[in-house]
2 protein chains.
Amino acid sequence: MKTVHERADVVPLLAEIFRELGYEGTSLSRITERTGIGKGSLYHFFPGGKEEMASAVIAEIDAWFEDAIYRPLRNDDARKAIAAMWTNVNDYFRSGGRICLVGAFALDHTRERFSAAIGNYFTRWIDALRAALMRAGCTGEEAQALAEECISGIQGALVLSRALGDKTVFTRSLETLARRLDAAVQ
Amino acid sequence: MKTVHERADVVPLLAEIFRELGYEGTSLSRITERTGIGKGSLYHFFPGGKEEMASAVIAEIDAWFEDAIYRPLRNDDARKAIAAMWTNVNDYFRSGGRICLVGAFALDHTRERFSAAIGNYFTRWIDALRAALMRAGCTGEEAQALAEECISGIQGALVLSRALGDKTVFTRSLETLARRLDAAVQ
DNA sequence: GTCTATACAGTGATAGAC
DNA sequence: GTCTATCACTGTATAGAC
């Protein structure tokens, strides 16, 4: 039995494995074990090997956030886009059951490999949220501080809820952050 | 030339390497390369191999936090202990230049190996900070929420400041969190 | 306590048949 | 596009001489 794949179908599978095992912890044999895709196919899709696989994963995550979160924050009704961000973030991270791959990569020396993409992901998120907050009436300084606090708070909530093995820590943190933004835009 | 070591001197060196490279990224040859300590010595000190090395590192970190932060929070003057926590945290994490090993281990499957120690580290930190906040006048519910928010906020600030390669993100986050606690205990 | 030598499984990667 | 075979290398771990 021989299943035929497309590159686009493979990337989300890789994403889940990199998320769970980290960059160094992810080996080609584990990918094959979990997906049934052999080395031959993997190197056909990603001639650059493991590094290209991780790059593709980061690019796909980035594209998802751009569509679902950043662009609405920049262009749509500010309050609605912020509210949508909170539901999307909660869903995306499965209420704390799934970590942020980009954040995890930032913590160890994997960062050196992908520093541009990692920095970009967070910078664009903060910039987009700041723009929405300013449209909603915040000053530039206030909006910048709140935006940083929210993105940082999401990352911290993912770490803490996983460390405690308690998803309610994540959902509660999100609610606290959301209330703080609401208060700032009255 | 042959340097003689003690186990207690080796652990801090290992800590720095695990912090930079992560559990999977740390190999025995890299440890030898950076410390000059050969495999023979390493297995003499840590018969359980890499896992025992990481365990020893976590235990030492835990002991440091217990002495410098948790115990003062539980026993000393609440406001003074909280103020000391912020300076100690800022120094320990080198103003964002150093990550939290325990938090990093929590994010990938390394967590499974050390879940008890990881959960313990964060639970005791939150409990100690909550106790101090209650002595300073907060209600139990309020103190719990603030404590979780601070520990989570520290972790998030470490992720974000590293992702952006900007230490000022960390120091600014710490200031914001400190102000929030000050406001709660007036 | 440190060194050298060694075992052997697992690593990323490549080549060629199908 | 997938498979199998194979590559050179690095991984953790052990044993014994000093």
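Order of the sequence lines sets the chain letters (A, B, ...), proteins ahead of strands, with each chain counted from 1.
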Colleague: Please report, rounded to the nearest Å, how far the C1' atom of dA13(C) is from the CD atom of Glu52(A).
Modeller: 13 Å
Colleague: Return no unless some side-chain N or O of His44(A) is found under 4.0 Å from OP1 or OP2 of dT2(D).
Modeller: no
Colleague: In whole angstroms, how far is the C1' atom of dT14(C) from the CZ atom of Phe46(A)?
Modeller: 18 Å
Colleague: Should Arg124(B) and Asn120(B) count as side-chain neighbours, where that means a heavy-atom distance under 4.5 Å?
Modeller: yes
Colleague: Using the closest heavy atom to pick a nucleotide of DNA chain C for each, name whichever of Glu6(B) or Gly25(A) lands nearer the 5' end.
Modeller: Glu6(B)
Colleague: State, without any angle test, whether Arg111(B) and Ser115(B) hold a side-chain donor-acceptor pair at a distance under 3.5 Å.
Modeller: no
Colleague: Would you say His5(B) reaches dT2(C)'s phosphate, i.e. side-chain N/O to OP1/OP2 under 4.0 Å?
Modeller: yes
Colleague: Any chance CD of Glu112(A) has more than 12 other-residue heavy atoms, nucleotides or ligands included, within less than 6.0 Å?
Modeller: yes
Colleague: Strictly under 4.0 angstrom, non-hydrogen atoms only: write out the protein contact profile of nucleotides 11-18 of chain D, one letter per nucleotide from the 5' end, B, S or -.
Modeller: SBBB----
Colleague: Arg94(B): what forms a salt bridge (Lys or Arg N to Asp or Glu O under 4.0 Å) with it, not counting sequence neighbours?
Modeller: none
Colleague: Aromatic rings Tyr23(A) and Phe114(A): how do their planes relate, parallel, tilted or perpendicular, breaks at 30° and 60°?
Modeller: perpendicular
Colleague: Under a 4.5 Å cut-off applied to non-hydrogen side-chain atoms, are Tyr121(A) and Leu101(A) in contact?
Modeller: no
